[in-house]
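Report on one structure; see the data block that follows.
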Amino acid sequence: MKFSNMLIPTLKEAPKDAVLPSHIYLVRGGFIYQVASGIYDFLPLGKRVLDKVRAIVKEELDTAGCQEVQLGLVTPAELWKKSGRYEKYGAELLRFEDRKGNEFVLGPTHEEMMVEMVKQFVGSYKQLPMNLYQINLKFRDEARPRFGLMRGREFIMKDGYSFHADQEDMVREFELMEATYRKIFTRMGLDFRVVEADSGAIGGEGSKEFMVLADSGEDTIVVCEGCDYGANIEAAVRKAPEAPAEAPEAELNRFRTPGIKSIEELSKFFSVDPYYLVKAVAKKALYDGGKSEIVIFYLRGSDELQEVKAANAVGANELEDASEEELRAAGLTPGFMGPIELIRNAGVIEGAPTFREEAAHPNVRQVFDENLKNADHMICGANEEDYHLVGCDLSVLKDVTFKDIAQTQEGDACARCGGRLHYTKGIEVGHIFQLGTRYSEPLEATFLDANGKRKPFEMGTYGIGVSRLLAAIIEQHHDEKGCVWPAPVAPFEAVVVIGNVKDQQQKEAGEKIYDALKEAGVDVLLDDRSERFGFKMKDFELIGFPCAVVVGKKLADGVVEVIERSTLEREDVAIERAVDAVKAKLA
RNA sequence: CGGGGUGUGGCGCAGCCUGGUUAGCGUGCUACCUUGGGGUGGUAGAGGCCGCGGGUUCAAAUCCCGCCACUCCGACCA
């Protein structure tokens with residue numbers, strides 16, 4: 001392929017709103033072009049990279065026994081209604097009607113479609129297991145697309161679905177997919193971490209994310225310095241923090257704390273470590289069918305609420321901040337909320353001075369962080385303006401829910417090895433789920449087992465953000481000059497740059513080397529443009545081919561230069577050795 | 001969804017506050033010349049309904065109203 005014939009619109013200037021290196025270089029290098037918010041066209045170079053990424057994904061999946069199919073992007077709304085996601089998926093699901101008024105959606109993911117297909121043709125345990133996937137466009141009407149290919153509305157995703165006769169087999173496949181994904185991302189030259197993820201209300205037992213480590217990542221992940229534990233912050237667990245030595249000893253009592261509302265103020269007021277304060281976070285939990293309720297989550301003052309964990313703890317779809325009015329309507333006193341009625345019910349506060357009956361709030365759901373189990377010497381809100389309770393012993397509480405709802409903090413100890421945990425940022429490029437029968441049941445996708453019994457499929461689902469991978473790769477592989485593509489995903493493995501195309505000898509030598517490289521199986525591009533030397537070198541660096549062969553001035557001595565993009569080191573080699581030198585660089 | 005910003009030749013921007021020449025600059029594009037190891041220099045060109053609609057005015061890129069698009073921060077993101 002000749003550069004002069006290709007559509008490679010490299011740009012000198014960065015698009016005005018691009019912030020991330022991947023966004024800037026993919027646009028400047030002529031890989032992609034924005035059509036609308038979150039929607040990109042792939043230009044020839046971008047398409048080539050995309051195809052290479054796809055090919056790697058396909059090769060590894062096929063090796064693992066998966067089968068590629070292709071489902072329609074437009075899917076009947078009916079299926080989505082059946083699975084209950086038509087309403088639930090929300091505004092991200094792009095809905096529309098055809099000319100007859102039939103409802104459709106643009107598929108944001110294809111569980112329903114795939115289940116429907118399998119249901120149609122798979123009826124016996126003898127056909128199981130089966131793992132089907134596609135690499136196809138998806139559409140999610142994101143509220144806020146950004147960062148180029150990182151978070152688009154239209155994007156390419158590999159989505160796979162496996163079907164099994166029992167859970168053990170599904171788990172086996174899950175592990176096979178984890179191993180396969182590791183191979184895929186390793187081949188692309190990515191530095192990634194496999195982390196525990198929130199499987200939330202959707203997933204079954206297990207869910208893991210594949211995170212490419214990059215500061216620009218949108219996810220915070222918690223990793224252990226001592227072992228290979230890693231988790232998305234939404235799912236990260238820790239060893240219970242140690243108690244600070246000076247516990248505030250006190251008799252259970254009601255204490256006037258005028259205007260002291262925040263944990264910080266309270267800590268100062270009593271000169272007590274926040275560890276011994278009870279933080280009450282009230283949220284409005286939203287459920288299916290538009291139902292909602294106020295829930296109070298209690299944590300140690302030294303902890304923060306992890307909202308995903310909290311939502312899971314009450315089975316809510318979502319948590320919203322509750323307004324002050326809503327709290328008061330529920331009988332709560334913002335700034336002074338506490339588990340007071342529980343203490344009263346436990347019979348401890350009897351006889352305490354001027355207990356106000358109306359401060360109790362028996363109708364609000366409450367969840368305690370597991371770190372408050374048996375907590376003693378605590379200070380908490382009295383649910384009464386300007387009052388707190390001191391000397392609270394939470395171990396007397398009966399029938400209350402304890403859950404892990406606290407956010408793991410940097411510096412906490414690893415639950416597995418006790419090592420120090422720290423935060424890092426990651427780009428989610430893969431996610432694997434153990435789904436169980438969550439879709440097969442409502443969609444009535446069943447098979448006959450060995451005993452002739454009808455059972456729903458046990459399912460797993462596995463995704464890879466294919467177009468996002470392009471961005472992730474560049475986030476990890478770039479320098480101040482541009483992209484530095486790892487050879488397996490580079491648009492071309494090498495470029496032959498003719499220093500001056502008007503120099504007949506350079507031109508002929510360049511073409512010869514180009515032919516020889518092609519002959520040798522190298523994916524090579526010939527930069528035969530009538531541009532100046534510097535211009536072509538800048539393009540080489542910006543686009544980021546792994547390797548360049550410069551046919552220029554030294555040709556007179558029978559020498560060409562071979563430049564490695566990653567190091568920008570150049571090496572003079574005799575013309576005859578050019579092919580070998582390139583192959584050595586690519587190896 | 002909440003709050004801000006911006007829309008001017010392909011790209012990046014100035015002009016707007018304070019209404020009034022032919023809407024300007026850089027880059028890119030075309031032709032010719034020049035140069036040929038790090039975005040060479042020159043000459044001559046083409047390319048704009050100043051986002052859309054309405055209003056104010058003798059006169060609107062500029063002021064006012066509405067809409068749309070893009071974008072940034074946040075919320076959200078199985």
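Just so it is clear: chains get the letters A, B, ... in the order the sequence lines come, proteins before strands, and each one is counted from 1.
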| said: Enumerate the salt bridge (Lys or Arg N to Asp or Glu O under 4.0 Å) contacts for residues 209-218 of chain A, please, sequence neighbours excluded, ordered by first and then second residue. | reply: A:Arg146-A:Glu218, A:Arg151-A:Glu218
| remark: Per atom distances to the A:Arg144 side chain, the nearest of B:G37, B:C73, B:A78 is B:C73
| task | Pick the C1' atom in B:U21 and in B:G47, then give their distance to the nearest Å. | result | 22 Å
| task | Please work out if A:Met157 contacts a base, only the sugar-phosphate, or nothing of the nucleic acid, heavy-atom cut-off 4.0 Å. | result | base
| said: Looking at A:Tyr86, I'd like to know if the NZ or CZ of A:Arg95 sits under 6.0 Å from its six-membered ring centre while staying within 45 degrees of the ring's axis. | reply: yes
| Quick one: A:Asn232 CG to B:A78 P, roughly how many Å, whole number? | 10 Å
| What integer distance in Å separates A:Asp141:CG from B:C76:C1'? | 13 Å
| request: In whole angstrom, give me the gap between the C1' atoms of B:C33 and B:U6. | output: 42 Å
| request: Quick one: look up who B:G74 pairs with, Watson-Crick or G-U, both distances under 3.5 Å, and put none if it's unpaired. | output: B:C1
| request: Identify whether the distance between the nearest side-chain nitrogen and carboxylate oxygen of A:Asp539 and A:Arg529 falls below 4.0 Å. | output: yes
| Of all the nucleotides listed (B:G38, B:U71, B:C77), which has the minimum atom distance to the side chain of A:Ser37? | B:U71
| message | With rounding to the closest Å, how many angstrom separate the C1' atoms on B:G51 and B:U8? | response | 10 Å
Atom pairs, protein N/O to nucleotides 28-35 of chain B N/O, distance under 3.5 Å:
from	atom 1	to	atom 2	distance (Å)
B:U35	O2'	A:Arg532	NH1	3.4
B:U35	O2	A:Arg532	NH1	2.3
B:U35	O4	A:Lys502	NZ	2.7

| So what does A:Glu541 touch, heavy atoms closer than 4.0 Å: a base, only the sugar-phosphate, or nothing? | base
| Residue met sooner reading RNA chain B from 5', once A:Leu542 and A:Tyr161 are mapped to nucleotides | A:Leu542
| message | Contact list please: residues 460-476 of chain A against RNA chain B, heavy atoms, distance less than 4.0 Å, in numerical order. | response | none
| query | Taking the same atom, P, in B:C25 and in B:U43, what whole-Å distance lies between them? | reply | 13 Å
| request: With C1' as the reference atom in both, quote the distance from B:G74 to B:C67 in angstrom, rounded to an integer. | output: 25 Å
| query | Between A:Lys554 and A:Glu561, is there a salt bridge with N-O shorter than 4.0 Å? | reply | yes
| note | Of B:C77, B:A78, B:C70, the nucleotide closest to the side chain of A:Ala36 is B:C70
| query | So, are A:Lys82 and A:Glu112 salt-bridged, with charged N and O less than 4.0 Å apart? | reply | no
| Roughly how far apart, to the nearest Å, are B:G28 and B:G12 at atom C1'? | 11 Å
| field | Heavy-atom donor-acceptor pair, A:Ser467 side chain to A:Ile156 backbone, under 3.5 Å | value | yes
| said: Return whichever of A:Leu555 or A:Tyr89 has its heavy-atom-nearest nucleotide of RNA chain B closer to the 5' end. | reply: A:Leu555
| query | Within this structure, what is the CZ-to-P distance between A:Arg529 and B:U40, rounded to whole angstrom? | reply | 12 Å
| Pairing residues for A:Ala490 by the side-chain contact (heavy atoms from CB on, under 4.5 Å) criterion, not counting sequence neighbours | A:Trp485, A:Pro546
| query | Over how many whole Å does the gap from A:Glu218 atom CD to B:C76 atom P extend? | reply | 13 Å
| With no angle test and no hydrogens, is the base of B:G37 tied to the side chain of A:Gln506 by a donor-acceptor pair under 3.5 Å? | no
| OP1 or OP2 of B:G38 less than 4.0 angstrom from a side-chain nitrogen or oxygen of A:Lys538, does that happen here? | no
| query | Taking the same atom, C1', in B:G7 and in B:G48, what whole-Å distance lies between them? | reply | 14 Å
| request: Report the distance from atom NZ of A:Lys284 to atom C1' of B:C1, rounded to the nearest whole Å. | output: 14 Å
| request: Could you check which nucleotide pairs with B:G7 in any of the strands shown, counting Watson-Crick or G-U wobble with both distances under 3.5 Å? | output: B:C68
| task | Find the partner of B:C49: check Watson-Crick (N1-N3 plus N6-O4 or O6-N4) and G-U wobble (N1-O2, O6-N3) distances, both under 3.5 Å, and reply none if neither fits. | result | none
| query | When the distance from CD of A:Gln34 to P of B:A69 is rounded to whole Å, what number comes out? | reply | 14 Å
Kindly give the atom pairs (protein nitrogen or oxygen, nucleotide nitrogen or oxygen) under 3.5 Å for nucleotides 9-12 of chain B.
from	atom 1	to	atom 2	distance (Å)
B:G12	O2'	A:Glu13	OE2	3.1

| task | State plainly whether the residues A:Lys138 and A:Asp159 are in salt-bridge range, i.e. N to O under 4.0 Å. | result | yes
| request: Please report, rounded to the nearest Å, how far the P atom of B:G37 is from the CZ atom of A:Phe540. | output: 18 Å
| In whole Å, what separates the C1' atom of B:U18 from that of B:A59? | 16 Å
| field | Residues forming a salt bridge (Lys or Arg N to Asp or Glu O under 4.0 Å) with A:Glu307, sequence neighbours excluded | value | A:Lys283
| task | Begin with the C-alpha distance, continue with both residues' side-chain angles, and end with the deciding distance and a verdict on side chain to side chain contact (heavy atoms under 4.5 Å, CB included) for A:Phe155 and A:Arg153. | result | CA-CA 6 Å; A:Phe155 57 98; A:Arg153 292 194 292 172; over 6 Å; no
| query | Over how many whole Å does the gap from A:His431 atom NE2 to B:A78 atom C1' extend? | reply | 8 Å
| message | Check the orientation of A:His23 and A:Tyr40. Use parallel for under 30°, tilted for 30 to 60°, and perpendicular for over 60°. | response | perpendicular
| task | State plainly whether the residues A:Glu111 and A:Arg438 are in salt-bridge range, i.e. N to O under 4.0 Å. | result | no
| Geometric cation-pi criterion A:Arg182 and A:Phe210, 6.0 Å radius, 45° cone | no
| task | With heavy atoms under 4.0 Å as the rule, sort A:Gly499 into base, sugar-phosphate or nothing. | result | nothing
| note | The nucleotide from B:G38, B:A78, B:C70 with an atom nearest the side chain of A:Phe433 is B:A78
| query | Within the side chain of A:Lys309, is there an N or O that forms a donor-acceptor pair under 3.5 Å with the backbone of A:Ala406? | reply | yes
